[in-house]
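A quick write-up on the structure given underneath.
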Amino acid sequence: MSRNDAAPGTVTAPPGRIRRMLSHLYVQCLVAVLLGAAVGGLWPSAGADLKPLGDGFIALVKMFIAPVIFCTVVHGIASMGNARAVGRVSLKALVYFEVLTTVAMVIGLVVVNVVKPGSGLHIDLSTLSAKGLPPEATTAHEGFAAFLLAVIPATLVSALTGNEILPVLLVSVLFGFGLHASGEAGLGIARGVEKLSTVLFTLIRWVMRLAPIGAFGSMAFTIGHYGLGTLRHLGLLVGSLWLTALVFVLVVLGTVMRLNGLRLLPFLRYIREELLIVLGTSSTEPVLPRMMAKLQHAGASKPVVGITLPAGYSFNLDGTAIYLTMGSVFLAQALGIHLSLTQQLAMLAVMLLTSKGAAGVTGSGFIALAATLSAVPHVPPAALALIFGVDRFMSEARALTSLVGNGVATLAVARWEGELDEDRAKAVLRGEIPYAPAPAPSAVPAEPDPKQTPVPTRDPVPAAS
């Protein structure tokens, strides 16, 4: 029977419409996440074996992150009118990060003291074992001075081959200032860096086509390895964290957007593909290049995006901030340890340090919590075994919150600097200027005349799709 001969009352979607829907990355990722959850729930062992799909995708994207940050920051600084502008942007971003991180921690502290998810568990510490915890969670953690020294790479090139974002930022800022001060020679290198970034974003656009496979593998592993049954025991903690993160995003970040003349919900729709990728992989790193391209498409200048967004990945982890306060107080409640307000505030001060430098990778929040507990005497680090089984279910909430927080922070700093095209931003968020990948050139363009082609300050990086 043909499509036109379908039974009366039967509604059939046009094949063309279905194909158009499936062509969108966010639809593909949503389907992949649902399929991964189904596989992990129905065939746990098979789902757990799919972990390499997610790990492979994350590793594939991570190899581009350091060079993308380097190219974007270097070209952005070289494009700025003066060095003071870079310092001003950096200072505003760091102040914003500290304020919002503190607000997130305070909200988490209030919720965990009101809900008391750990009360009544009466866990005996002697029954807990650190066996099975990640090695980073059971080793001694560095002091603040060691943390600062670790930001300095061994060589200029080693920063681009490591796994930390802060050394890349340090090298990029120094190199950008060097180009800025080198006159005509620096201008030529800046153009070369810009062209290199075009190549990198083209490669990333190809790699991102594998995002549904990575999301499928990661979600299948999470459900298959840990199982939804583990949520029954610590469901109140997991549910409280997700609810607190949602309130923080809608109320706090929504207010920040309103104060800057924008709306949060259209912004969430604008980055829905990135949100679904983060939901599937529990990591914000795979979407860093896409977020940089999308924020520039939304009207934020390239220098501000290049400085603020990568820095936010280390200094503005709002989701991790909520998790640290809720997780530490929950463990104290579960062990029957009473923490006074003074002790909780002291822990919060320590968390303001331990939360920095944790890149947006899966499990970084758990390691930051371990660092917090090892730095304060109130709760023994062995108690981490209580929540290790459900940490993966909280990792998604941490990553999603931090991703939205860093996007909002970048738009806010850009507006404060006068580096945000507000009319364009509103039009983009309304969907009037859709985000689309830049078409690849059919031929190598002729070398532009340097006298006629100044280094742009707001040109968008080629979009990754």
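All values derive from a computational prediction rather than experimental measurement.
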Is a side-chain N or O of Ser402 found less than 3.5 angstrom from the main chain of Gly319, in a donor-acceptor match?
yes
Looking at Ile322, is its backbone amide N or carbonyl O close enough to the side chain of Thr325 to form a donor-acceptor pair, meaning the two atoms are under 3.5 Å apart?
yes
Is it true that a side-chain atom of His297 and a backbone atom of Val428 form a donor plus acceptor pair closer than 3.5 Å?
no
Candidate list Thr401, Asn316, Thr284, test side-chain hydrogen bond (donor to acceptor under 3.5 Å, both in side chains), partner Asn406, passing option
Asn316
Pairs involving residues 107-118, ordered by first then second residue, that meet side chain to side chain donor-acceptor pair (under 3.5 Å) (sequence neighbours left out):
Asn113-Gln344
Residue set satisfying ring-ring contact (aromatic ring centres under 6.0 Å, His included) with Phe248, at least two apart, ordered chain then number -> none
With Lys426, which residues qualify under salt bridge (charged side-chain N to carboxylate O under 4.0 Å, His left out), at least two apart?
none
Does some side-chain heavy atom of Met394 sit less than 4.5 Å from a side-chain heavy atom of Met326?
no
Sorted by chain and number, sequence neighbours left out, side chain to side chain contact (heavy atoms under 4.5 Å, CB included) with Ser90 holds for Val86, Ile307
Please list every donor-acceptor pair under 3.5 Å in which a side-chain atom of residues 234-243 meets a protein atom from a residue at least two apart or in another chain.
residue, atom, partner, partner atom, Å
Ser240, OG, Leu236, O, 2.6
Trp242, NE1, Phe393, O, 3.0

Is a side-chain donor or acceptor of Glu417 paired with a backbone partner of Arg88 at a separation under 3.5 angstrom?
no
Any side chain to side chain donor-acceptor pair (under 3.5 Å) pairs touching residues 260-271, not counting sequence neighbours?
Asn260-Trp416
Going by the ring pair (Phe, Tyr, Trp, His ring centres under 6.0 Å) test, which pairs reach into residues 275-295, not counting sequence neighbours?
none
Could you list the residues that satisfy side chain to side chain contact (heavy atoms under 4.5 Å, CB included) with Ser340, not counting sequence neighbours?
Thr342, Gln343
Side chains of Ile213 and Phe216: closer than 4.5 Å at any heavy-atom pair?
no
Listing, residues 34-41 side-chain donor-acceptor contacts under 3.5 Å, not counting sequence neighbours, or none:
none

Check whether any side-chain heavy atom of Tyr96 sits under 4.5 Å from a side-chain heavy atom of Leu91, and report yes or no.
no
Sequence neighbours left out, what passes ring-ring contact (aromatic ring centres under 6.0 Å, His included) with Phe175? Give chain and number order.
Phe70
Who pairs with Leu250 by side chain to side chain contact (heavy atoms under 4.5 Å, CB included), at least two apart in sequence or on another chain?
Leu246, Leu264, Leu265
Across all chains, not counting sequence neighbours, the side chain to side chain contact (heavy atoms under 4.5 Å, CB included) partners of Val251 are Val247
